Structures are given as C-alpha cells and as structure tokens.
Amino acid sequence: MYREKDFDIIVVGAGHAGCEAAHACAKMGLQTALFTIYLDTIAQLSCNPAIGGLAKGHLVREIDALGGIMAKVTDLSGIQFRILNRSKGPAVWSLRAQADRILYNVNMRKLLEDTKNLVIKQAMVEEIVVENGKVKGVITSLGVFYGAKAVIVTPGTFLNGLIHIGLDSFEAGRAGEFPSKGLSESIKKLGLKMGRLKTGTPPRIDAKTIDFSKTEEQYGDDPPIPFSYSTKEITNAQVPCYITYTNEKTHEIILNNLDRSPLYSGKIKGIGPRYCPSIEDKVVKFREKPRHQVFLEPEGLSRKEYYANGIPTSLPYDVQVAFVRSIPGLEDAEIMRPGYAIEYDFVYPTQIKHTLEVKDIEGLYLAGQINGTSGYEEAAAQGLMAGINAALKIKGKPPLILRRDEAYIGVLIDDLVTKGTQEPYRMFTSRAEFRLLLRHDNADLRLRDYGYNIGLVDEETYEEFNKKRELLEREIKRLKSVTVKPSEELNIRLTEAGTSPIEEAIFLDKLLKRPEIKYDFIKKFSPPPEELTREIEELVEIHIKYEGYIAKQMELVERMKQFEEKIIPENFDFNIPGLSREVIQKLTEVRPRTIGQAMRIPGITPAAVSILMIALQKGIKQKQ
C-alpha cells in the first residue's frame with residue numbers, strides 16, 4: 001500500500017456538505033484534503049437548480065452568517081430571487097433562488113481551488129481506517145493511504161446507489177456516475193447501523209419544444225434580494241419560471257401504468273421523501289385532486305434545458321413521454337433526460353453526536369444525506385458544522401453546538417441525533433419552537449459572532465456587521481425615546497393610512513406598533529439622524545411590531561435553558577430503577593447530552609425525565 005501524504009482533515013465527497021466542510025476546515029487553518037469521484041461535478045445541483053425555499057432559505061442565511069459559502073456562490077450564480085410567504089408573518093418569510101447549474105459548479109470550484117490549506121483530489125475512497133476506536137485515515141480504490149486526524153464523510157446518494165427507471169435498474173451515484181460500494185461496506189464493518197432511503201428527480205425538457213404561451217410566467221423580485229449579507233448586488237440576468245398543471249388525462253396515464261412502476265411493483269425498498277413525493281405517489285394518494293402544479297425552471301442562462309419541478313418520477317421512459325405530453329404547454333415536449341428514482345444507503349443518525357462526530361469512533365464525522373436528510377441546504381448546514389467541529393477538536397477547543405433557539409441548524413442537528421429519522425428529513429419552519437426568533441432576516445445578528453470567534457468571518461466583514469448592529473440598536477432606542485406631536489398633516493396621513501389620529505404626543509415606537517403603519521411612514525415625520533439601508537429599516541420595523549411576541553418567546557427560552565444546562569455525563573448508566581426497558585433502551589441508544597435533549601426523545605415521558613433527574617442528582621451528590 002502506497003502512503004502519499006497525511007492531512008489534518010480529509011473530507012470524502014464534494015457535494016454541498018463536502019464543499020462547506022472542506023472550506024471551513026481549511027479557512028480555520030487546518031491542512032485539508034477534499035476527495036471527489038469526479039472533479040467536474042463539484043457542488044453539482046443534482047436535482048432542481050434552486051437554492052433556498054421555505055425554511056431552507058433560513059439555513060442558507062445561517063450558513064452565510066457563520067462564514068460558510070453556499071449563499072455567496074448562489075448570489076454569483078442566481079438567475080431569479082424571490083422572497084416566499086410575503087403575505088404571512090416575517091417568521092416564515094424565506095428566500096429562494098433559481099441558480100444557473102453550470103455557474104454554480106464553476107463558481108464553487110473556483111472558490112475552493114483558491115482556498116488556502118485546501119487540496120482537491122479526484123479519487124474514490126474505498127475504506128475508512130480506524131484503529132482502537134480512532135480514525136487514522138482513508139484508502140482509495142487505487143490502494144493509496146492518506147492519513148488524517150479527522151475524516152468527514154459526505155457521500156450524498158452515492159453509497160450503494162441504485163437508479164430505477166421503470167422496471168430497469170442500474171448502479172450509479174447519480175445519472176452517469178459510479179456509485180460508492182466499497183465505502184458503504186467499510187462503514188458497515190465499523191459497526192454503524194445503516195438503512196436504505198430513496199429520492200427522485202423529474203424529466204428535463206428541451207425549451208425549444210415548450211409552448212410557453214400556455215403557461216403562467218412567474219418573475220422574481222425586482223430588485224433581487226441576495227442570500228449573502230456580504231453581497232452588494234446581483235449582477236446576473238434575471239429570468240422567469242413558468243407554471244403549468246397536470247390534468248385528468250395525465251393522471252389516467254399514470255394510473256394505467258402503475259404495474260410498471262418500481263415504486264408500486266415493490267422493486268424499490270428504500271423509503272422516499274414524504275414531502276416531495278413522486279407524481280405517481282401524488283396521483284395515487286390524492287385521487288380527489290384534478291391537477292397538480294408543475295414549475296418549469298430554467299437550468300441556466302446558456303442552456304435550453306428546463307427542470308419540470310413537481311413531477312419527479314421513476315415510471316418507464318415511454319410512460320414519461322406520454323404523461324409529460326398530456327400537460328398544457330408540453331404537448332410537443334422532447335425529454336432531454338428522463339426522470340428517475342435512486343436508492344442509497346444512510347446511517348441512522350442517533351449514532352452521532354451534536355458535533356456530527358460518530359459516538360463510538362473518535363475523529364469520524366458524517367454530514368449530509370448519509371445522516372438521512374434531503375436537500376442541498378440541509379446537507380450544506382451539516383457539512384459546515386462537521387467541518388467547524390472537526391477543526392475545533394483538532395485545535396483542542398470546545399465544540400460549537402447551536403441550540404434550538406439559536407438557529408435552524410441547531411433544530412436540524414438536534415432532531416437528527418435525538419429523534420432519528422426513518423425517511424428523508426426535510427427542514428420546515430414548523431419544526432422550530434422559536435421560529436419568530438429564527439427569522440431569515442436576523443441570521444447574522446444571531447450567529448455572526450460565532451463565525452468571527454472561530455475564524456470563519458474575516459475582520460472587514462465583522463466590522464461591517466458591527467456597524468449594522470450598532471445602527472439598528474441606535475434606531476430602535478431612538479424610536480422608543482422620541483415622540484411626535486399631533487399636527488394637521490400627521491393626522492390627515494394617519495386617517496389616510498386607515499388608523500386613528502393622535503390627540504397628544506406619542507412615542508414613535510407606539511405609532512409603529514399600529515398594524516397600518518410602516519417604517520416609511522415614521523421616517524417621513526421623524527427621519528433618523530443617519531441614512532439606514534432598507535435591510536436595517538425592515539429589521540427595525542419587525543423588532544418593534546413583534547416586540548411583545550419576541551419577549552414571550554425569549555421568556556420560554558430562558559425557562560427551557562434550565563433543562564438544556566443540566567449536563568448528563570458521557571458515561572452515565574441509564575439502567576435506573578423505575579425506568580421501563582423501552583425507556584432505558586432509548587436513552588442508551590441516543591445518550592442525550594442534557595436533560596433537555598432527553599425530554600425530546602420520542603417515547604420519553606415526563607415521569608421518566610423526573611426519575612432521570614433524581615438519579616442524576618444522586619450521582620452528583622455521591623461524587624461530592
């Protein structure tokens with residue numbers, strides 16, 4: 001066996017998780033190697049050419065606030081940006097961007113190649129080398145050994161990947177690429193419990209064969225709002241998406257061919273995503289619905305390929321052609337790439353810590369779809385945190401574990417390691433107990449300090465952030481201390497706005513709390529001493545209007561902290577008299593870090609928590 005070189009950290013896989021992990025480790029000063037099966041597919045947008053969306057956009061903003069790179073690359077590659085849910089409250093506003101698939105790949109690769117301390121290698125990692133419960137490095141398919149103090153595994157859908165189109169199937173990590181079989185076997189040999197998941201993708205359509213006149217145009221926001229707090233403006237041309245719908249004929253074609261579906265014939269064993277089902281699944285489970293929405297999304301500015309979002313399928317090719325051509329606007333459609341389903345191996349995530357390190361193997365970290373998640377954003381968030389924590393551990397520093405009240409990233413990781421998952425996990429705003437605190441607009445206020453303190457956010461960016469924070473705090477303080485007196489003009493404007501006039505002086509913040517009043521109104525009658533950006537003005541308005549609700553959530557956070565701060569020792573014996581066998585088994589499997597985490601394990605009752613707390617207290621007293 002040939003030993004070429006040792007690194008501080010090795011990252012296996014250059015998808016969204018791997019890119020974030022490798023960049024974070026290298027930026028934090030560790031000698032890092034990023035291994036990928038194929039260099040030209042670094043950060044490939046394997047499924048839809050879009051970043052963000054409901055709750056996912058929050059994750060991207062948080063990645064950026066911590067010093068990650070997904071948001072910056074999206075801004076360089078984005079061809080449509082939209083804030084979703086504007087008609088609802090700010091807790092569920094979320095940014096989504098269509099990305100140019102080629103530009104995203106090119107920009108990410110350039111950023112990584114320009115990163116100091118980072119080496120990128122095209123090689124297939126076949127084995128993770130572990131000795132005495134500690135990772136030592138990896139071995140590639142060419143028999144080359146690379147040593148490392150930590151290894152971060154981010155294989156996406158490549159572990160024993162199996163693609164299905166109709167009743168035909170073939171081994172692949174994604175269409176046209178080799179699967180990773182040896183690595184999956186290596187992970188199993190290390191004693192990790194693994195399962196099987198499934199995801200899918202829709203057909204891609206040739207734009208020349210789409211009749212866009214039969215579809216609805218959907219444009220992005222103008223001007224486009226960037227993902228990254230560091231991006232000043234979006235420079236790419238912005239293009240529309242198009243909406244069309246399936247119909248009864250579409251559904252009839254699908255239902256008549258279910259016997260040829262690998263999903264319904266029993267050929268697919270993996271569990272698919274509940275919240276992003278195949279079109280055949282939607283048609284079967286929602287037979288009462290006469291139509292389903294189809295988004296036609298451009299793959300890029302230089303391509304004529306459109307992604308048919310809404311109709312992922314694994315039906316045979318001829319059936320795909322038939323049902324696609326039954327959809328308005330797609331009557332003459334030419335399929336450039338057929339849709340398919342892919343099955344792959346994953347590791348049950350209750351076997352990892354909040355740092356994403358495997359509980360029983362020191363120095364081995366897992367991130368992305370290997371932990372049972374779906375989506376680029378969930379993967380990137382895990383990759384970033386795995387990279388940060390691997391680097392911090394090697395440096396001998398405490399880990400960075402984000403709480404559920406601090407970040408959606410904290411919710412994501414805590415859900416995985418505490419509750420586990422039997423199906424592809426997708427982030428939703430409803431998963432967060434404190435979503436009014438975790439808005440997409442305030443991610444930097446929540447997390448930028450962390451990013452700076454660990455060395456991922458540079459001095460210039462941090463100084464700019466501090467100026468923003470100072471201006472925000474100063475303006476909120478001004479609105480709470482400055483009054484406006486009644487005047488004829490003011491009362492006329494208040495009446496026009498649909499709210500009652502004032503009869504005596506009123507503090508500006510009280511006026512802004514009125515539902516009908518926006519910050520622009522306040523600014524006209526009492527402008528701030530310094531000009532504020534639109535972003536700061538919006539933050540001010542949200543803070544003032546939702547101040548009472550935010551205060552209530554903060555009170556709840558403080559009450560919950562007492563449980564989160566009760567640490568359970570790593571070697572604690574959960575064989576406690578009074579606990580059922582099932583509860584003991586669950587506690588032993590998850591090994592919760594805190595009482596708060598124990599409370600969130602499915603099946604752990606309040607009575608069991610009380611017994612655990614008493615036993616923990618007794619143990620502390622005995623040690624004293």
Side-chain angles (χ1 to χ4, degrees), residues 12-15 35-42 44-48 101 105 122-126 140-142 153-188 194-206 254 257-273 276-281 299 305 307-308 311-324 334-347 368-370 372 374 379 423-424:
V12 181
F35 284 82
T36 177
I37 294 174
Y38 192 41
L39 278 170
D40 292 340
T41 55
I42 286 174
Q44 179 92 315
L45 295 170
S46 306
C47 199
N48 62 321
R101 194 183 293 277
N105 167 262
Q122 179 169 299
M124 182 180 285
V125 172
E126 290 276 280
T140 71
S141 58
L142 297 178
V153 182
T154 67
T157 60
F158 279 69
L159 293 183
N160 272 331
L162 184 66
I163 282 178
H164 299 272
I165 301 176
L167 300 181
D168 296 319
S169 59
F170 52 93
E171 295 178 344
R174 57 184 163 223
E177 295 185 58
F178 295 114
S180 182
K181 300 186 73 176
L183 182 59
S184 188
E185 290 307 308
S186 176
I187 292 169
K188 285 177 185 172
M194 301 182 77
R196 197 92 169 134
L197 294 178
K198 166 252 172 190
T199 190
T201 190
R204 271 69 159 182
I205 314 296
D206 186 340
I254 291 167
N257 286 278
L258 286 181
D259 60 322
R260 300 174 65 199
S261 162
L263 191 63
Y264 284 90
S265 67
K267 195 171 184 192
I268 291 178
K269 306 297 181 187
I271 300 170
C276 188
S278 65
I279 185 60
E280 48 265 43
D281 228 10
E299 294 267 335
E305 194 174 359
Y307 179 92
I311 53 170
T313 183
S314 57
L315 285 164
Y317 181 74
D318 60 303
V319 181
Q320 292 189 37
V321 171
F323 84 68
V324 164
E334 289 290 343
I335 293 177
M336 298 178 78
R337 309 183 203 214
Y340 63 84
I342 183 166
E343 286 186 280
Y344 56 95
D345 292 344
F346 82 107
V347 171
Q369 284 175 284
I370 191 172
S374 67
E423 61 187 49

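Bear in mind that the values here come from a model prediction, so they are computed numbers and not experimental data.
In this structure T313 satisfies the side-chain hydrogen bond (donor to acceptor under 3.5 Å, both in side chains) test together with E280, sequence neighbours excluded.
Judged purely by atom type and a 3.5 angstrom limit, T154 uses its side chain to pair as donor or acceptor with the backbone of V12. When atom types are taken as modelled, the side chain of Y307 and the backbone of C47 share no donor-acceptor pair closer than 3.5 angstrom. Between the side chain of R204 and the backbone N or O of P202, at least one donor-acceptor pair lies under 3.5 Å. Although no hydrogens or angles enter the test, the distance criterion places a donor-acceptor pair under 3.5 Å between the side chain of S278 and the main chain of D281. The backbone N or O of G182 lies less than 3.5 Å from no partner atom in the side chain of S186, so there is not a single donor-acceptor pair. Side-chain atoms of T157 come within 3.5 Å of backbone N or O of G173 as a donor-acceptor pair.
Taking all atoms of both residues into account, the shortest heavy-atom contact from P312 to P277 is CG-O, 3.4 Å. When every heavy atom of I268 is checked against every heavy atom of H164, the shortest pair comes out as CG1-CD2, 3.6 Å.
One distance of note links CD of Q369 with OG of S46; it measures 7.5 Å at 0.5 Å rounding.
At a threshold of 4.0 Å, the pair K269-E343 does not count as salt-bridged, since none of the basic side-chain nitrogens sits closer than that to a carboxylate oxygen. Look at K181 and E171 and you find a salt bridge, because one of the NZ, NE, NH1 or NH2 atoms lies within 4.0 Å of a carboxylate O, short of that distance. One finds no salt bridge joining D206 and R337 here, because no Lys/Arg side-chain nitrogen approaches an Asp/Glu carboxylate oxygen to under 4.0 Å.
Residues K267 and S169 are in side-chain contact: their nearest non-hydrogen atoms beyond the backbone lie under 4.5 Å apart. Side-chain contact between D345 and R196 is present, with at least one heavy-atom pair separated by less than 4.5 Å.
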